[in-house]
Amino acid sequence: MAERIVVDPITRIEGHLRIEAEIENGVIKDAYSSGTMVRGIENILKDRDPRDVWAFVGRVCGVCTSTHSLTSVRTVENALGITVPPNAELVRNIMSTVLYMHDHVVHFYHLHALDWVDVVSALKADPAAASAAAQSISPWAKNSTQHFKTVQDRVKKFVESGQLGIFANGYWGHPAYKLTPEQNLVAVAHYLDALEWQKEIVKVQAVFGGKNPHPNYLVGGMPASINLEEANAINAERLAFVRKKLEDAKQFVNEVYVPDLLLIGGVYKDEWSKIGGGLSNYLAYGDFPTQGYNNPDSMAMPRGIILDRDLSKVHPIDANSPEEIQEYIYRSWYDYSKGNEAGLHPFDGETNLNYTGPKPPYSQLDVEDKYSWIKTPRWKDKPMEVGPLARMLVAYAAGKEPQKTLIDNTLKALDAPATALFSTLGRTAARGLESKLCADWALEFFDQLVANIKAGDTRMANTEKWDESSWEKEAKGIGLVEAPRGALAHFAVIENKRVKNYQLVVPTTWNASPRDKNGERSAYEASLVGTPIHDPKQPLEILRTIHSFDPCLACAVHLYDEDGDYVHQMDTF
């Protein structure tokens, strides 16, 4: 008989997520994913000036900071027919590559690594042996015996005090941990190194966007002027500062992140390259335009669909088509005016909240009814996985370079077949490979920007369409972005110069959504089925697979009682 276990909340993510899993004979037989928070920001955007929306949607999340703002300005530019200057496109690309590197490094070390790394085991390590092992795979200057000894002493003080601090509540000693004490010590040291590194790379966003998190954007370009001699503009000193941060980021990714990823992959590949694949369909909108956003064929990350894990063909996608993208609420706490089973294209999307579930605390979800605040998007009624793995698979299937060669070389280094990509470990590896690509692309975009400036082109904005008299009475726009966690789309309907409807279909909506009306699982639920569980009271295996998606739900919850009165607001960080 199956046993239902509840993991709530899933920690080391952004937001509030509940996973329930049915375990039979030590293996997950079925799983349910519930977003236990409501956002509803779409309703806040109605009747606003569309040029201001970027500032509101940017606050959806402070983790993937800037990505919603970028999506919003692209949406409005699409609706109004605005083409941004090349420099603005390059600056947007640089800011996005920085976001990718920061987000992926933070995810790997601070959100996901502790699923693979036993912190307490590091106390048994020989720092000299750890140093020798680390130096054998990387020239990182801090891979010294003294550095590892210092880190080990810090962890020892935590343990002896009975307070592990940031490492508290882990499943230390769980038999699913496979790294040696020395490998664990290396990983813990790099965890702390990454904490120092991550606060430096985000300064690039502050240079171009004025601040971080939530840097400034502008419909028509970027709100930063270029003048090499002006103290308050993007000048020569600031450009040199940006280049140094990008070079440092590339070094960290290549000398710390990627070697650690290959180390962990090599240890865990025999089991975890076969677990957690879940869905067989993948979607990517593509990003990093090299010849303008309106030319998707020029994107460094290609656009397309993979069906049934068939890497011989990439299917096209048209997000404008109501025949392709639809959102359902069959298992979600919303109402549609067309009924519970209707599917709506986001241009016609509705955000009508209707909570009908049990009141917390409750022992189990009623999975035969509605059980999540997340809607269920589908492409031609098919569930899709989005994210780094989807992007790398689409690029691989399309024969896109340098992605294809990088994936082939990584599989060769791990002595793993291409089928290993369809797994928890493949999903985790995709992030690291993507970071390596972004480290190169960031410097390429930067060099192109400097070349344009040297050639006399300092344009950063096109404000021609800021004259409202030039707008059509009605307009629709779509903004497509590959956020670090996957395919992100905003849909705007503008009428009489104001937002009539605005809908966001975010990556976690695709991945974490509940079943559709046909009973088909989405990515989280599907990925857990078939996973062995050693101890239901310490479900480390569930965390490994769910964390491989890097879940990101909205950042604040507003709770009301049954009479509609305000009760409490909870902020997550």
Is a donor on one side and an acceptor on the other found under 3.5 Å between the side chain of [X] and the backbone of [Y]?
X: Asn78; Y: Ile478; value: yes
X: Asp49; Y: Arg51; value: yes
X: Ser372; Y: Gly35; value: yes
X: Gln326; Y: Arg378; value: no
X: Arg309; Y: Leu279; value: yes
X: Arg331; Y: Tyr371; value: no
X: Ser527; Y: Ala523; value: yes
X: Asp366; Y: Gly357; value: no
X: His214; Y: Thr65; value: no
X: Glu541; Y: His534; value: yes

Answer yes or no: are there more than 12 heavy-atom neighbours, outside [X] itself, under 6.0 Å from its atom [atom1]?
X: Lys338; atom1: NZ; result: no
X: Lys269; atom1: NZ; result: yes
X: Lys29; atom1: NZ; result: no
X: Asn496; atom1: CG; result: yes

Worksheet item: Which pairs count as ring-ring contact (aromatic ring centres under 6.0 Å, His included) when at least one residue sits in residues 47-82, sequence neighbours excluded?
Response: His68-His490
As an exercise, state the distance from [atom1] of [X] to [atom2] of [Y], rounded to the nearest 0.5 Å.
X: Met384; Y: Ser280; atom1: CE; atom2: OG; answer: 8.5 Å
X: Leu480; Y: Asp287; atom1: CG; atom2: CG; answer: 9.0 Å
X: Ile19; Y: Leu528; atom1: CD1; atom2: CG; answer: 6.0 Å
X: Ser72; Y: Leu45; atom1: OG; atom2: CG; answer: 8.0 Å
X: Leu543; Y: Leu114; atom1: CG; atom2: CG; answer: 10.5 Å

Worksheet item: Do the numbers put Lys375 on top of the ring of Tyr334, so that NZ or CZ is under 6.0 Å from the six-membered ring centre and no more than 45° off the axis?
Response: yes
Less than 3.5 Å apart, which donor and acceptor atoms pair up between the side chains of residues 426-434 and the rest of the protein, not counting sequence neighbours?
from, atom 1, to, atom 2, distance (Å)
Arg427, NE, Glu385, OE2, 2.9
Arg427, NH1, Gly276, O, 3.3
Arg427, NH1, Ser548, OG, 2.9
Arg427, NH2, Gly276, O, 2.8
Arg427, NH2, Gly277, O, 3.4
Arg427, NH2, Glu385, OE1, 3.3
Thr428, OG1, His112, NE2, 2.9
Thr428, OG1, Thr424, O, 3.1
Arg431, NH1, Ser548, O, 2.6
Arg431, NH2, Phe549, O, 3.0
Glu434, OE1, His104, NE2, 2.8
Glu434, OE1, Arg391, NH2, 2.7
Glu434, OE2, Arg391, NE, 2.6
Glu434, OE2, Arg391, NH2, 3.4

Worksheet item: In chain order, what residues pass the salt bridge (charged side-chain N to carboxylate O under 4.0 Å, His left out) check against Arg18, with sequence neighbours excluded?
Response: Asp8, Glu20
Worksheet item: Which residues pass the salt bridge (charged side-chain N to carboxylate O under 4.0 Å, His left out) test with Arg521, sequence neighbours left out?
Response: Asp30
Worksheet item: Checking side-chain contact (heavy atoms from CB on, under 4.5 Å) for the pair Tyr330/Asp516: CA distance, chi angles, key distance, verdict?
Response: CA-CA 6 Å; Tyr330 189 72; Asp516 58 26; 6.0 Å; no
Write down the atom of [X], the atom of [Y], and the distance for their closest heavy-atom approach.
X: Thr376; Y: Pro514; answer: OG1-O, 3.0 Å
X: Leu111; Y: His547; answer: O-ND1, 3.6 Å
X: Ala475; Y: Ala79; answer: CB-O, 3.7 Å
X: Val60; Y: Leu504; answer: CG2-CD2, 4.1 Å
X: Trp373; Y: Thr36; answer: CD1-C, 3.8 Å
X: Thr71; Y: Thr67; answer: OG1-O, 2.7 Å

Discussion item. Assess the residue pair Lys382 and Ile305 against the criterion (side-chain contact (heavy atoms from CB on, under 4.5 Å)); give the C-alpha distance rounded to whole Å, side-chain angles, the decisive distance to 0.1 Å, and a yes or no.
Written reply: CA-CA 11 Å; Lys382 297 180 184 295; Ile305 297 276; over 6 Å; no
Any side-chain donor paired with an acceptor under 3.5 Å for [X] and [Y]?
X: Tyr328; Y: Ser513; answer: no
X: Lys370; Y: Asn340; answer: yes
X: Glu350; Y: Ser337; answer: yes
X: Ser33; Y: Arg515; answer: no

Item to complete: Could you walk me through whether Asp270 and Lys178 pass salt bridge (charged side-chain N to carboxylate O under 4.0 Å, His left out), step by step?
Response: CA-CA 11 Å; Asp270 288 344; Lys178 301 297 184 183; over 6 Å; no
Practice prompt. Kindly indicate, with the supporting measurements, whether the criterion side-chain contact (heavy atoms from CB on, under 4.5 Å) is fulfilled by Tyr355 and Val38.
Written response: CA-CA 10 Å; Tyr355 182 73; Val38 59; over 6 Å; no
Worksheet entry | Verdict with supporting geometry, Arg544 and Tyr268, side-chain contact (heavy atoms from CB on, under 4.5 Å) | CA-CA 12 Å; Arg544 279 182 178 168; Tyr268 286 100; 3.5 Å; yes
Discussion item. If you apply the rule ring-ring contact (aromatic ring centres under 6.0 Å, His included), what do you find for Tyr100 with Phe288, and how did you get there?
Written reply: CA-CA 12 Å; Tyr100 268 69; Phe288 297 114; 5.4 Å; yes
Got [X] and [Y] here, is their nearest side-chain heavy-atom distance under 4.5 Å?
X: Asp550; Y: Asp103; result: yes
X: Leu488; Y: Trp510; result: no
X: Val117; Y: Ile264; result: yes

Practice prompt. Please name all residues satisfying ring pair (Phe, Tyr, Trp, His ring centres under 6.0 Å) with His345, sequence neighbours left out, ordered by chain then number.
Written response: Phe347, Phe491
Item to complete: Would you list the pairs meeting salt bridge (charged side-chain N to carboxylate O under 4.0 Å, His left out) in which at least one residue belongs to residues 488-497, sequence neighbours left out?
Response: Glu495-Lys500
Worksheet, complete the sentence: Which of Asn281, Leu307, Val386 passes side chain to side chain contact (heavy atoms under 4.5 Å, CB included) with Trp379? Answer is Leu307
Discussion item. So, applying side-chain hydrogen bond (donor to acceptor under 3.5 Å, both in side chains) with Asp335, which one of Asn352, Asn354, Thr356 is it?
Written reply: Asn354
